[in-house]
Amino acid sequence: MSKKLDFKVLFMKNIVPVIFLLMTAIMMPFSGYSGKFLVQEIVTRLGRDTFLVLALLIPLMAGMGINFGLGLGAMASQIALVFVTDWHVTGVSGVLLAMLISTPISLVFGLFGGYLLNNAKGREMITSYVLGFFMLGAYQIIVLFGMGSIIPIGDEGLLLSRGFGIRNTIMLDGVAGSFDTLLDRLFGFRVQIADIGIPVVTILVVALLCLLTWWFRRTKLGQEIRAVGQDMGVSAASGINVSRTRIISMLISTVLAGYGYIVFMQNVSVMPVYTGANTVATYAAAALLVGGATASKAGIPGVIFGVALFHLLFIVTPMAANRIFGAAEVAEYFRLFISYSIIALALVLNGWNAKKEKDRALFGHRNRGGDRINTADAQPEPATPK
């Protein structure tokens with residue numbers, strides 16, 4: 001009975017990854033892709049997307065939920081990449097310069113977001129989601145009206161025909177593949193394992209961030225962030241400045257998101273100036289939840305597993321949808337359906353599991369309806385003396 005109950009609890013806690021595994025297993029035969037092609041795509045996307053998803057861990061650890069305001073860092077990086085492209089700084093130097101420029105902008109955005117979320121305790125996820133759209137409007141005003149008129153842009157190829165405002169899409173040829181193919185250019189040949197191209201430097205950068213995240217959790221500040229995430233009241237009573245700690249978490253997340261978006265863009269090499277920032281936040285959140293994360297807990301192995309599984313389904317879905325429905329355009333709508341369904345399902349199940357755990361804590365082995373939850377573990381009540 002106990003083992004059966006444990007299996008049920010384990011299944012419910014991991015139902016999102018299980019559903020995704022089943023969907024992937026169904027779609028893969030219809031896609032017709034070879035195993036080699038899928039492995040190559042997963043390796044590429046692990047290097048491209050994992051940095052962004054790792055940027056979600058610190059606010060999650062601080063009890064602020066999933067940071068849907070991740071796009072703030074992406075907006076800072078888009079501004080930086082526009083400048084780097086305008087100045088024609090190329091290669092690794094261009095990537096590092098973009099990271100340098102994005103840092104102070106990300107800090108300003110993160111500070112604003114942190115203060116706002118401190119005034120919305122308990123509602124951080126929906127607040128950060130709305131914050132992303134608000135800041136997207138402010139960002140678009142700067143890029144559409146400020147650049148080329150107030151902010152000087154020398155490269156006329158970046159501007160709209162009216163003479164100011166950045167084009168909808170710009171090519172990042174100068175920084176394209178700066179990390180992904182760095183060793184390939186140095187050695188003069190493609191770095192491969194079993195005919196699978198490996199973006200060595202990009203993966204090393206991601207591995208370094210994983211190591212830094214693991215180390216940060218064990219520092220004094222990391223322990224304070226974890227304590228705030230577990231109980232803000234107890235943390236405040238222990239002398240921890242809760243508001244300051246939460247703002248620091250948001251700052252770290254926003255700066256890392258900015259760096260992650262630059263890593264992402266150097267792989268994609270085509271930047272959608274007005275629509276790309278908030279989209280990556282949704283996909284990063286979905287990938288994190290696919291890895292088995294909840295709104296209050298996630299780990300590095302889950303991030304890697306989630307990115308791989310989420311993008312595996314994203315790879316096979318377009319071709320499978322084309323073969324099943326005879327219309328490739330269905331795939332894009334299906335992708336959006338999958339992304340938002342994952343987030344909704346994961347958050348609903350997380351709330352349901354949290355309620356069940358709270359009921360167990362408050363009512364012992366009985367729930368609110370009076371039914372026994374686990375009779376095997378139930379302890380007899382002490383007899384009342386007469």
Specify whether [X] and [Y] have parallel, tilted or perpendicular ring planes, treating 30° as the upper limit for parallel and 60° as the lower limit for perpendicular.
X      : Y      : value
Phe264 : Tyr261 : parallel
Phe314 : Tyr283 : perpendicular
Phe310 : Phe20  : parallel

Exercise. Under the side chain to side chain donor-acceptor pair (under 3.5 Å) criterion, do Tyr33 and Glu41 qualify, and how do the steps go?
Worked result: CA-CA 11 Å; Tyr33 288 131; Glu41 286 296 309; over 6 Å; no
Problem set entry | Any side-chain donor near an acceptor of the partner, Ser106 and Tyr259, under 3.5 Å | no
Side-chain donor or acceptor of [X] paired with backbone N/O of [Y] under 3.5 Å:
X      : Y      : result
Gln266 : Val95  : no
Ser128 : Phe68  : yes
Glu124 : Gly122 : yes
Ser269 : Met265 : no
Gln223 : Arg217 : yes
Asp86  : Gly154 : yes
Arg167 : Leu160 : no

Exercise. Would the number of heavy atoms belonging to other residues, nucleotides or ligands and lying under 6.0 Å from CG of Leu22 be above 12?
Worked result: yes
Exercise. Are more than 12 heavy atoms from other residues, nucleotides or ligands located less than 6.0 Å from atom OH of Tyr115?
Worked result: no
Interatomic spacing from [atom1] in [X] to [atom2] in [Y] - rounded to 0.5 Å:
X      : Y      : atom1 : atom2 : value
Leu144 : Tyr139 : CG    : OH    : 10.5 Å
Phe145 : Ile151 : CZ    : CD1   : 13.5 Å
Asn67  : Thr127 : CG    : OG1   : 11.5 Å

Problem set entry | Side chain to side chain, Leu256 and Leu54, heavy atoms closer than 4.5 Å | no
